[in-house]
Amino acid sequence: MIQAPKGTFDVLPEDAARRELLEGHAKKILGAAGYRRIETPTFEATELFARGVGEATDIVQKEMYTFDDGGGRSLTLRPEGTAPICRAYIEHGMHKLPQPVKLWYLGSYYRAEAPQKGRYRQFWQVGAEVVGSATPETDAELIVLLADLLEAAGVTRTRLRLSSLGTPETRAEYRSELVAYLRAHESLLSDEVASRIELNPLRAFDATDPGTRGVMHGAPKLLDRLAADDADHFAAVRALLDDAGVAYELDPTLVRGLDYYTRTVFEFSSDALGAQSGVGGGGRYDRLIEQLDGPPTPASGWAAGIERILLASAQPPPAAELVDLFVALAKPDGARAAFELSREARRAGLQAQQELGGRSLKGQLRHADRIGARYVAIVGDGVSGGDGLVSLKNMESGEQRETTAGEVIPTILRGRRL
Ligand code: HAM
């Protein structure tokens, strides 16, 4: 039996309603702040991600679905949305528009990761990007909007971690300082940390063994090494969040899995989730557009995982849509009239369905009841005699009367207004 590929899932109709509702929240919250929707292709030139996300990242090293398009070009299913948006910004000359350009998106992304709860190989992200503004207000606005979205979606037990990465130059200097510090205290570190000092000195901050923790307590922090203008920028972002009443934890060890970040970085997680607790995150990427051969353009943004938002949300699915009318068939020769009546009803703005399952009349009435139909029109009923006559049943009151097909829609519309 053919099954969905490992790490993928079907969005069944009963799951779709909550996703639609979430999309509606995103549209409302981001739209109100002037963000406009953009969608880019699900695959791009591999080079975009290699250069944009970073050759050394796990994403580019191990997680990309890359294929040859048959014409010798290497394409990759998008693992993330920021590099494609920058590509589109450059390609469409959006730097000529009034700045900043504020965009949002919702679509599927692909990473060949080991699947587990909340981690899939095809997953959906909603994201927002502001291209063309360097202000701290931009970062704070983005964070506030994501907080609002998570709240509207009913995500519980959220935490926001915040940091600043400064510039790549500051980071390189800091890294050397940290490596030297770790070397000087090597005998106190766990074997694992000690063996990876050069490879990934920042990981030492995540270690749990007492020896390493003791050493890391006194380790230099990147936040203390920021250049003056980066430190000022970060202080301004924090002040805005304080004013907005958005709680956050400063986490100098916050590392994101993408290389393009500069200055502000942040991540929302939820304790309602298991190991994959990251609900959404992002930050500033002031050099990415230039790196992709565009004009120097500051930018900032975030993305959040749709599945993780839904997993962390206690909200029940929205109630099913009302069905105003179910058109039932007393005899097969009523089929054309039923087809016409249900179509007319929909054109009049009603939710109307016709019998398509070949059920007996009794079965049709049971079905109409099951789907919550307010009225059932029975057509082709011998009892009602002449052409155009139908029997209309109000399912709430149980009342049933003979009428003409032309009267069905006005009757329901009148009833609707009551
Ligand atoms: P990211 O942190 O890699 O950032 O992904 C954002 C969110 O996507 C995560 O917080 C998580 O909720 C969800 N996500 C990531 N991988 C998976 C997966 N395998 N299965 C399910 N959900 C997943 C970015 O992608 C950046 N482009 C965000 C950004 C926008 N930075 C600036 N602008």
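In this text, all values refer to a predicted model and were calculated from it rather than measured experimentally. Start at 1 and go down the list; that is how both ligands and their atoms are numbered. We count residues from 1, following the sequence as given.
Contact analysis leaves G257 out of contact with ligand 1, as no non-hydrogen atom separation drops below 4.0 angstrom. Using a non-hydrogen distance threshold of 4.0 Å, G127 does not register as a contact of ligand 1.
A donor-acceptor pair under 3.5 Å is absent between the side-chain atoms of Q116 and the main chain of G118, judged by distance alone.
Classified by interplanar angle (parallel below 30°, tilted 30° to 60°, perpendicular above 60°), the ring pair F9/Y120 is perpendicular. The aromatic rings of F326 and H367 lie perpendicular to each other, with more than 60° between the two planes, well past the 30° mark.
Ligand 1 has no N or O atom lying under 3.5 Å from any N or O atom of Y105, backbone or side chain. Considering backbone and side-chain atoms together, G278 places an N or O closer than 3.5 Å to an N or O of ligand 1. For ligand 1, none of its N or O atoms has an N or O atom of Y285 under 3.5 Å away. Inclusion of G282 in the set of residues having an N or O under 3.5 Å from an N or O of ligand 1 is not warranted. Note: an N/O pair closer than 3.5 Å links V279 and ligand 1 by distance alone. Of the N or O atoms in Q125, one or more lie within a sub-3.5 Å distance of an N or O in ligand 1.
Proximity of Y261 to ligand 1, defined as any heavy-atom pair under 4.0 Å, is confined to the side chain (atoms from C-beta onward). Using a 4.0 Å cut-off between heavy atoms, E113 contacts ligand 1 through its side chain alone, with no backbone atom that close. Proximity of W302 to ligand 1, defined as any heavy-atom pair under 4.0 Å, is confined to the backbone N, CA, C and O atoms. With a heavy-atom cut-off of 4.0 Å, Y260 touches ligand 1 through its side chain alone. At a heavy-atom cutoff of 4.0 Å, ligand 1 is contacted by no atom of R121, backbone or side chain. The proximity of R256 to ligand 1, defined as any non-hydrogen pair under 4.0 Å, is limited to the side chain.
Of the protein's non-hydrogen atoms, E80 OE1, 2.7 Å is the one closest to atom 27 (N) of ligand 1. Ranking the protein heavy atoms by distance from atom 13 (C) of ligand 1 puts G305 CA, 3.7 Å first. Of the protein's non-hydrogen atoms, F123 CD2, 3.4 Å is the one closest to atom 18 (C) of ligand 1. With hydrogens left out, the protein atom closest to atom 3 (O) of ligand 1 is R111 NH2, 2.9 Å, a heavy atom. The nearest protein atom to atom 32 (C) of ligand 1, hydrogens excluded, is given as G301 O, 3.3 Å; this is a heavy-atom distance. Counting only heavy atoms of the protein, atom 20 (N) of ligand 1 lies nearest to Y120 N, 2.9 Å.
Here the side chains of L250 and F234 are in contact, with some heavy-atom distance below 4.5 Å. R287 has its side chain out of reach of Y260: every pair of non-hydrogen atoms, C-beta onward, lies at least 4.5 Å apart. Annotation: side chain of P318 is in contact with side chain of R18 (closest heavy-atom distance under 4.5 Å). A heavy-atom distance below 4.5 Å is found between the side chains of E141 and K102. Residues L97 and Q99 are in side-chain contact: their nearest non-hydrogen atoms beyond the backbone lie under 4.5 Å apart. L189 places none of its side-chain heavy atoms less than 4.5 Å from the side chain of D209. For the pair H233 and S164, the minimum side-chain heavy-atom distance is 4.5 Å or more.
Close contacts of ligand 1 with G118, meaning ligand atoms under 4.0 Å from a residue heavy atom, involve 20 (N), 21 (C), 22 (N). Short contacts between ligand 1 and G280, defined as distances under 4.0 Å to a heavy atom of the residue, involve ligand atoms 10 (O). Listed by number with element, the atoms of ligand 1 under 4.0 Å from a non-hydrogen atom of G281 are 28 (C), 29 (C). Atoms of ligand 1 lying under 4.0 Å from any heavy atom of E129, numbered from 1 in the order shown and given with element: 30 (C), 32 (C), 33 (N).
Going from atom OG1 of T411 over to atom CG of N394 covers 10.5 Å, rounded to the nearest 0.5 Å.
Only one option out of L258, D259, T264 pairs with Y261 in a side chain to side chain contact (heavy atoms under 4.5 Å, CB included); it is L258.
Not less than 6.0 angstrom separates the ring centroid of F266 from the ring centroid of Y248.
Residues D293 and R51 are paired through a salt bridge, judged by an N-O separation under 4.0 Å between the basic side chain and the carboxylate.
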